[in-house]
Chemist: 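Got a structure here, written out as structure tokens. Questions coming.
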Amino acid sequence: QVQLVESGGGLVQAGGSLRLSCAASGRTFSSYAMGWFRQAPGKEREFVAAISWSGGSTYYASSVKGRFTISRDNAKNTVYLQMNSLKPEDTAVYYCAATAHSTGWDRSIYDYWGQGTQVTVSS
């Protein structure tokens, strides 16, 4: 089984930064592509960013491109989401996810999900 635990969420003012971490269990972590999704109240869970198993390919939603950076450290079984220039519209619960399929934006390809961490951007 793969277990994912997010951390690093919190309250930040507009224009500020946060770094989210997702720690994964399992010997095959390095074989999984990883993604970050977010869900605001009353809205669908939406794709934020994804990274291939090797870290060689990354993908971003247009709404966060240039502001957010996804990375991974397979030796630590951890994926990160560095969020800069945060906006109030970034407020949401952020979830990390793992997939044995090809890296992508579709929620349906992800096999494992974390419990989420709240990010609130004020002002």
Chemist: Sorted by first residue and then second, give each salt bridge (charged side-chain N to carboxylate O under 4.0 Å, His left out) pair with at least one member in residues 67-85; sequence neighbours left out.
Modeler: Arg67-Asp90
Chemist: Which disulfide (SG to SG under 2.5 Å) pairs, counting each pair once, include a residue from residues 33-67, with sequence neighbours left out?
Modeler: none
Chemist: Determine the minimum heavy-atom distance between Arg38 and Tyr94, stating which atoms define it.
Modeler: NH1-OH, 2.9 Å
Chemist: With clusters built from Ile, Leu, Val, Met, Phe, Trp and Tyr whose side-chain heavy atoms come within less than 4.5 Å, directly or transitively, what are the remaining members of the cluster of Leu11, listed by chain and number?
Modeler: none
Chemist: Which residues pass the ring pair (Phe, Tyr, Trp, His ring centres under 6.0 Å) test with Tyr60, not counting sequence neighbours?
Modeler: none
Chemist: Please list, chain by chain and in numerical order, all residues satisfying side-chain contact (heavy atoms from CB on, under 4.5 Å) with Ser54, sequence neighbours excluded.
Modeler: Ser52
Chemist: Quick one: does Ser71's side chain get under 4.5 Å of Tyr80's, heavy atoms only?
Modeler: yes
Chemist: Drop me the distance from Leu86's CG to Thr91's OG1, to the nearest 0.5 angstrom.
Modeler: 8.5 Å
Chemist: Locate the shortest heavy-atom distance separating Trp36 from Leu81; write the atom from each residue and the value.
Modeler: NE1-CB, 3.5 Å
Chemist: Supply the atom-to-atom distance Ile70 CD1 to Gln82 CD, rounded to the nearest 0.5 angstrom.
Modeler: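 Answer rounded to 0.5 Å: 12.0 Å.
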Chemist: Which heavy atom of Ala92 sits nearest a heavy atom of Ala40, and at what distance?
Modeler: CB-N, 3.8 Å
Chemist: Scan for disulfide (SG to SG under 2.5 Å) pairs involving residues 48-104, sequence neighbours excluded, and state none if there are none.
Modeler: Cys22-Cys96
Chemist: What residues, two or more places apart in sequence or in another chain, satisfy side chain to side chain donor-acceptor pair (under 3.5 Å) together with Gln3?
Modeler: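 Applying side chain to side chain donor-acceptor pair (under 3.5 Å) to Gln3 gives none.
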Chemist: For Gln13, does the CD atom have more than 12 heavy-atom neighbours from other residues, nucleotides or ligands under 6.0 Å away?
Modeler: no
Chemist: I'd like to know if Tyr112 and Ile51 are part of one continuous hydrophobic network [Ile/Leu/Val/Met/Phe/Trp/Tyr, side-chain heavy atoms within less than 4.5 Å].
Modeler: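 Yes, Ile51 and Tyr112 fall within the same hydrophobic cluster.
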Chemist: Applying disulfide (SG to SG under 2.5 Å) as the test, list every pair that has at least one member in residues 41-76; sequence neighbours left out.
Modeler: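 Of all non-adjacent pairs touching residues 41-76, none passes disulfide (SG to SG under 2.5 Å).
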Chemist: Return the orientation label for the Phe37 and Phe47 ring planes: parallel under 30°, perpendicular over 60°, tilted otherwise.
Modeler: perpendicular
Chemist: Between CD1 of Ile109 and OG1 of Thr103, what distance do you get to the nearest 0.5 Å?
Modeler: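 That separation rounds to 7.5 Å.
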Chemist: Applying side chain to side chain donor-acceptor pair (under 3.5 Å), name anything that partners Asp106, two or more places apart in sequence or on another chain.
Modeler: Ser108
Chemist: Between His101 and Asp111, is the side chain to side chain contact (heavy atoms under 4.5 Å, CB included) condition met? List the steps.
Modeler: CA-CA 9 Å; His101 302 92; Asp111 304 299; 3.8 Å; yes
Chemist: Connecting only ILVMFWY residues whose side-chain heavy atoms lie within less than 4.5 Å of each other, what is the rest of Val5's hydrophobic cluster?
Modeler: none
Chemist: Which distance, rounded to the nearest 0.5 Å, do you find between the CG of Leu20 and the CZ of Phe68?
Modeler: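 Answer for the CG-CZ pair, Leu20 versus Phe68, is 8.0 Å.
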Chemist: Give a yes or no on whether Trp53 and Met34 share a hydrophobic cluster (residues Ile, Leu, Val, Met, Phe, Trp, Tyr; joining criterion: side-chain heavy atoms under 4.5 Å apart).
Modeler: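 Each belongs to a different hydrophobic cluster.
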Chemist: Drop me the distance from Tyr95's OH to Leu4's CG, to the nearest 0.5 angstrom.
Modeler: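 One gets 13.0 Å once the value is rounded to the nearest 0.5 Å.
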Chemist: Could you state the interatomic distance from OG1 (Thr99) to CZ (Arg107), rounded to the nearest 0.5 Å?
Modeler: 14.0 Å
Chemist: Quick check: closest heavy atoms across Thr78 and Ser21, and the distance to 0.1 Å?
Modeler: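 Nearest heavy atoms, Thr78 then Ser21: CG2-CB, 4.3 Å.
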Chemist: Taking salt bridge (charged side-chain N to carboxylate O under 4.0 Å, His left out) as the cut-off, I'd like each qualifying pair that reaches into residues 114-123, sequence neighbours left out, listed once.
Modeler: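 Passing the test, one end in residues 114-123: no pairs.
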Chemist: Please output the side-chain donor-acceptor pairs of residues 113-123 that fall under 3.5 Å, not counting sequence neighbours, one pair per line with the distance.
Modeler:
{"from": "Thr117", "atom 1": "OG1", "to": "Gly9", "atom 2": "N", "distance (Å)": "3.3"}
{"from": "Gln118", "atom 1": "OE1", "to": "Thr120", "atom 2": "OG1", "distance (Å)": "3.4"}

Chemist: Grab the two heavy atoms, one from Pro88 and one from Ala14, that are nearest each other, plus how far apart they are.
Modeler: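 For Pro88 and Ala14, the tightest heavy-atom pair comes out as CD-CB, 4.1 Å.
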